Trainee: 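Here it is, the structure in full.
Predicted, not measured: the structure shown is a model, and the values here were computed from it. Starting from 1, each residue takes its place in the sequence as its number.
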Amino acid sequence: MLPFYRKATAIFLGLVVLTALVAALCARGFFVSDALFPANESVLPWKLKTFTDAVEGGSSTVSVTEDVYGLDYEYILTESVEHPVVTAAVAFSGPGDAPVLVDLSRYSTATFRVKCMPRNALAFFIYSFDAKVTNPGNFYSYRGARAFFSCLEEWSDVEIDLKHLNIPPWWLESVKLDPSDQDYRLDKVIAIAFGASRDGLVNTPSKVKIGGLTLHGHDWRYAWIFAGFSTLAWIGFASWFFRHYTSSLLSDVKSKLKKDQPLMAYQRLSIEPHRDKEKSQVLQFMAAQYRNPDISLEFAVETLGINRTKINELLKDELGMTFSAYLNKLRLSEAARLLSQRDDTNVEEIAHSVGYSDVSYFRKLFKNEYGCTPGTFARASPIARDG
């Protein structure tokens, strides 16, 4: 069995290394981070668009000084309308800068750096298509899910959970939707935007700088690829292992039984004469008594009248074994014969028939001798007989 175990170990270690390599490759694809700045290198093409409450008759203003490597804009939010707003939107676009809806469902968070002069409170928005109310010509008719964040006078890092944004109640009311309708779609997004409202500074000139806008998420296709590869690879290895384990076990057992045949000819020992009287007595005694659960070296000494040292010397000289080792050889060889010849295998019954009163001890000795349990040996033996 040793060559088989060596081969199986080598294959196992190779498969572990291969699985680790595939896991590393899939991990690189599974964890997604896509930067939207600079604009000309973004995987999702976009153009900056600004919106104010002017469409509602408001007087808020906004002016942009940078929109490629980040956002840099100034604004003044006035209170001339009920819901004043200023928005700087990273609007996704296609050929000819036409607005397009993009799928952001694989992203779970957005990160960016921001600073404001003076300190302010802004909102992060995801604007998505809503079949019930969206008018493609009206940016504010898209469903705007938001999260507020603080904007300090020094650079600070912000992380937004894209899966847990809120829809402004006033917007739901304006389009006559239930205020509890907080659902939004990340697979039909028109823009990511930064907005100012009454929750921040009003009637105050404000500057905003935003950089490093990046979307983070997972591409689950790579997880499925890894799961599929791992399942097939390890099921294949398990199938190979158990198939070849059985054949190797049978081959090993046959080899051991064949090797032990000359040594285990215990049935002949009791009738064939031996040139050495004491040696013949010991061999005949063991051939006749090995099934006796009470047999021991002391019992042999009392029965034969030969001292224990002499008995062990005789067996060592003839067989290369001690009394107990030879006794176990006789018993286990007979147990293996019975297991291989009987269809109605009862391990406990066979253990008792060859002299073992402790079945657990018998199982342990059998496995040490033949490399498998008596039950496994018995199940494999019909294969050997059929073959």
Trainee: For Ser360, enumerate each residue passing the side chain to side chain contact (heavy atoms under 4.5 Å, CB included) test, keeping only those at least two apart in sequence or located in another chain.
Mentor: Asp358

Trainee: Does the side chain of His218 reach to within under 4.5 Å of the side chain of Val32, using non-hydrogen atoms?
Mentor: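 With C-beta onward as the side chain, the pair stays apart.
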
Trainee: Salt bridge check: are Asp317 and Lys279 linked by an N-O gap of less than 4.0 Å?
Mentor: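 So Asp317 pairs with Lys279 through a salt bridge.
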
Trainee: Run the salt-bridge test on Glu154 and Lys115 with the 4.0 Å N-O cut-off and return the result as yes or no.
Mentor: no

Trainee: Less than 4.5 Å apart, side chain to side chain, heavy atoms only: is that true for Leu44 and Asp34?
Mentor: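 Side chain of Leu44 against side chain of Asp34, heavy atoms only: no contact under 4.5 Å found.
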
Trainee: A cation-pi test, strictly: NZ or CZ of Arg143 under 6.0 Å from the centre of the six-membered ring of Phe129 and no more than 45 degrees from its axis. Yes or no?
Mentor: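 That pair does not qualify as a cation-pi contact.
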
Trainee: If you round to the nearest 0.5 Å, how far is CD1 of Ile160 from OG1 of Thr109?
Mentor: 9.5 Å

Trainee: Kindly determine whether Ser33 and Thr214 satisfy side chain to side chain donor-acceptor pair (under 3.5 Å), including the steps that lead there.
Mentor: CA-CA 7 Å; Ser33 290; Thr214 304; over 6 Å; no

Trainee: Using the rule ring pair (Phe, Tyr, Trp, His ring centres under 6.0 Å), only one of Phe37, Phe149, Trp155 pairs with Phe112; which is it?
Mentor: Phe149

Trainee: Do Asn312 and Leu297 come close enough that some side-chain heavy atom pair is under 4.5 Å?
Mentor: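 Yes, their side chains come closer than 4.5 Å.
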
Trainee: For a 4.5 angstrom cut-off between non-hydrogen side-chain atoms, does Leu177 reach Val133?
Mentor: yes

Trainee: Show your working on side chain to side chain contact (heavy atoms under 4.5 Å, CB included) between Lys310 and Glu278 and close with a plain yes or no.
Mentor: CA-CA 9 Å; Lys310 184 65 174 178; Glu278 288 183 328; 3.1 Å; yes

Trainee: Flag the pair Glu56 / His83 as yes when at least one side-chain heavy-atom distance between them is below 4.5 Å, and no otherwise.
Mentor: no

Trainee: Would you mind telling me which of Phe92, Phe139, Phe51 makes a ring pair (Phe, Tyr, Trp, His ring centres under 6.0 Å) with Tyr127?
Mentor: Phe139

Trainee: Are the aromatic ring centres of Phe194 and Phe125 under 6.0 angstrom apart?
Mentor: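 Between Phe125 and Phe194, which both carry aromatic rings, the centre distance is not below 6.0 Å.
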
Trainee: Using a 6.0 Å cut-off, check whether atom CD of Glu173 has over 12 heavy atoms from anything other than its own residue.
Mentor: no

Trainee: Using atom types as modelled and distance alone, determine if a side-chain donor or acceptor of Arg331 lies under 3.5 Å from a backbone N or O of Tyr290.
Mentor: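 Looks like yes, one N/O pair under 3.5 Å.
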
Trainee: So, do Leu77 and Leu201 sit near enough that their side-chain heavy atoms are less than 4.5 Å apart?
Mentor: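 No, every pair of side-chain atoms sits at 4.5 Å or beyond.
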
Trainee: Does a side-chain heavy-atom distance below 4.5 Å link Phe226 with Val22?
Mentor: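 Answer yes - side chains close enough.
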
Trainee: Determine, using ring centers only, whether Phe229 and Trp234 are less than 6.0 Å apart.
Mentor: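 They do not qualify: ring centres at least 6.0 Å apart.
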
Trainee: Within the side chain of Ser156, is there an N or O that forms a donor-acceptor pair under 3.5 Å with the backbone of Leu152?
Mentor: no

Trainee: Before giving the answer on ring pair (Phe, Tyr, Trp, His ring centres under 6.0 Å), spell out for His216 and Tyr107 the whole-Å C-alpha distance, their side-chain angles and the decisive distance to 0.1 Å.
Mentor: CA-CA 5 Å; His216 307 275; Tyr107 302 108; 8.6 Å; no

Trainee: Would you confirm whether Ser353, through its side chain, and Ile350, through its main-chain N or O, come within 3.5 Å as a donor-acceptor pair?
Mentor: yes

Trainee: Before accepting this row, confirm whether a basic side-chain N of the pair Glu66/Lys209 lies closer than 4.0 Å to the acidic partner's carboxylate O.
Mentor: no

Trainee: Not counting sequence neighbours, which residues clear side chain to side chain contact (heavy atoms under 4.5 Å, CB included) with Asn135? List them please.
Mentor: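 For Asn135, the residues satisfying side chain to side chain contact (heavy atoms under 4.5 Å, CB included) (neighbours in sequence not counted) are Asn138, Ser141.
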
Trainee: Before giving the answer on side chain to side chain contact (heavy atoms under 4.5 Å, CB included), spell out for Tyr73 and Leu48 the whole-Å C-alpha distance, their side-chain angles and the decisive distance to 0.1 Å.
Mentor: CA-CA 11 Å; Tyr73 62 94; Leu48 182 66; over 6 Å; no

Trainee: So, for Phe362 and Tyr356, is the gap between ring centers shorter than 6.0 Å?
Mentor: yes

Trainee: Kindly indicate, with the supporting measurements, whether the criterion ring pair (Phe, Tyr, Trp, His ring centres under 6.0 Å) is fulfilled by Phe366 and Phe377.
Mentor: CA-CA 10 Å; Phe366 193 95; Phe377 181 90; 5.4 Å; yes

